[in-house]
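Report on one structure; see the data block that follows.
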Amino acid sequence: MLAGWRDQQLARNLSKRTIEDRLSAVQRFQRFTNEWPWTWRPADVEEYTAHLRSDGRERSHSTIRGYHGHVRLFLEYAADPRGRPSASDSSAPIRLRCSSSGTRPCTRPSTKAVPDGVP
């Protein structure tokens with residue numbers, strides 16, 4: 001899924017540094033939650049933010065907001081129905097459906113195709 005997002009950003013001609021920063025932020029958030037994106041909840045963002053503010057490293061508010069923005073952009077990409085594979089393409093990555101209110105976790109529309117080692 002991250003590879004598809006990376007490719008989409010490359011196609012938009014974003015700088016490699018921007019793409020790397022975004023991917024890194026999403027990967028750090030995923031490691032912190034130890035959950036897949038379709039289970040992320042607003043409380044996870046709050047806990048991650050508290051962790052970032054209390055881990056002894058000085059980060060500006062704009063840096064933390066940037067991390068939030070990267071995760072949000074990834075979830076927008078993952079939830080975009082235009083990128084959802086057809087039912088006949090079992091090798092295509094799965095896109096996620098997320099609640100717009102943020103109160104429910106994201107869900108996978110199908111369990112047939114599983115991208116890059118995702119359970």
Side-chain angles (χ1 to χ4, degrees):
M1 192 173 303
L2 285 175
W5 189 43
R6 181 197 64 232
D7 292 347
Q8 182 231 34
Q9 293 176 88
L10 286 169
R12 292 177 47 218
N13 205 28
L14 297 177
S15 75
K16 288 186 179 182
R17 174 66 189 253
T18 295
I19 296 167
E20 290 168 3
D21 288 348
R22 288 176 175 181
L23 290 171
S24 180
V26 170
Q27 289 167 333
R28 283 191 308 270
F29 183 69
Q30 193 279 323
R31 279 192 305 271
F32 176 81
T33 65
N34 199 31
E35 298 289 340
W36 296 110
W38 51 89
T39 66
W40 293 347
R41 297 180 177 273
D44 295 327
V45 175
E46 292 170 8
E47 291 171 11
Y48 185 58
T49 301
H51 167 75
L52 292 173
R53 304 269 331 269
S54 64
D55 70 355
R57 294 185 56 199
E58 291 293 321
R59 292 181 186 87
S60 69
H61 292 282
S62 63
T63 296
I64 294 173
R65 282 193 306 270
Y67 295 162
H68 293 168
H70 297 331
V71 171
R72 180 182 49 80
L73 288 170
F74 170 70
L75 288 174
E76 287 175 1
Y77 164 79
D80 189 339
R82 293 173 294 180
R84 196 167 296 134
S86 68
S88 63
D89 187 359
S90 63
S91 65
I94 297 170
R95 299 290 184 249
L96 308 176
R97 288 187 212 131
C98 299
S99 165
S100 60
S101 67
T103 58
R104 292 180 296 141
C106 302
T107 59
R108 291 190 295 183
S110 168
T111 57
K112 289 185 179 179
V114 178
D116 302 324
V118 175

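These numbers were taken from a predicted model, which means no experiment stands behind them.
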Straight-line distance of [X] [atom1] to [Y] [atom2], nearest 0.5 Å:
| X | Y | atom1 | atom2 | answer |
| --- | --- | --- | --- | --- |
| R41 | T33 | CZ | OG1 | 12.0 Å |
| Q27 | R31 | CD | CZ | 6.5 Å |
| D7 | L2 | CG | CG | 11.0 Å |
| R65 | S60 | CZ | OG | 7.5 Å |
| E46 | H68 | CD | NE2 | 9.0 Å |
| T39 | D44 | OG1 | CG | 7.0 Å |

**Request:** Take atom NE2 of H51 as the centre, draw a 6.0 Å sphere, and report whether it contains more than 12 heavy atoms from other residues, nucleotides or ligands.
**Result:** yes
**Prompt:** So with a 6.0 Å cut-off around CZ of R53, is the heavy-atom count from everything else above 12?
**Reply:**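 Open: at most 12 neighbouring heavy atoms sit under 6.0 Å from CZ of R53.
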**Message:** Once you measure the plane-to-plane angle for W5 and F74, does it fall in the parallel (<30°), tilted (30-60°) or perpendicular (>60°) bin?
**Reply:**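 Plane angle over 60°, so perpendicular.
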**Asked** What class does the angle between the rings of F29 and W40 fall in, given that below 30° is parallel, 30 to 60° is tilted and above 60° is perpendicular?
**Response** perpendicular
Restricting to non-hydrogen atoms, name the atom on [X] and the atom on [Y] that form the minimum distance, rounded to 0.1 Å.
| X | Y | result |
| --- | --- | --- |
| I64 | T49 | CG2-CG2, 3.9 Å |
| G4 | Y77 | C-OH, 3.2 Å |
| D21 | H70 | O-CD2, 4.0 Å |

**Prompt:** Can you tell if the side chain of R22 reaches within under 4.5 Å of the side chain of V26, non-hydrogen atoms only?
**Reply:** no
**Request:** Report the C-alpha separation of Q9 and L73 in whole Å, then their side-chain angles, then the decisive distance to 0.1 Å, and conclude whether the side-chain contact (heavy atoms from CB on, under 4.5 Å) test is met.
**Result:** CA-CA 11 Å; Q9 293 176 88; L73 288 170; over 6 Å; no
**Sidechain N-carboxylate O distance under 4.0 Å for R57, D55** =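 No.
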**Message:** Under the criterion side chain to side chain donor-acceptor pair (under 3.5 Å), I'd like the reasoning laid out for S24 against R28: C-alpha separation, chi angles, the key distance, then a yes or no.
**Reply:** CA-CA 6 Å; S24 180; R28 283 191 308 270; 2.6 Å; yes
**Prompt:** Between Q30 and E35, is there a donor-acceptor pair closer than 3.5 Å when you use the side chain of the first and the backbone of the second?
**Reply:**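 Yes, the answer is positive, given that a donor and an acceptor are paired below the 3.5 Å cut-off.
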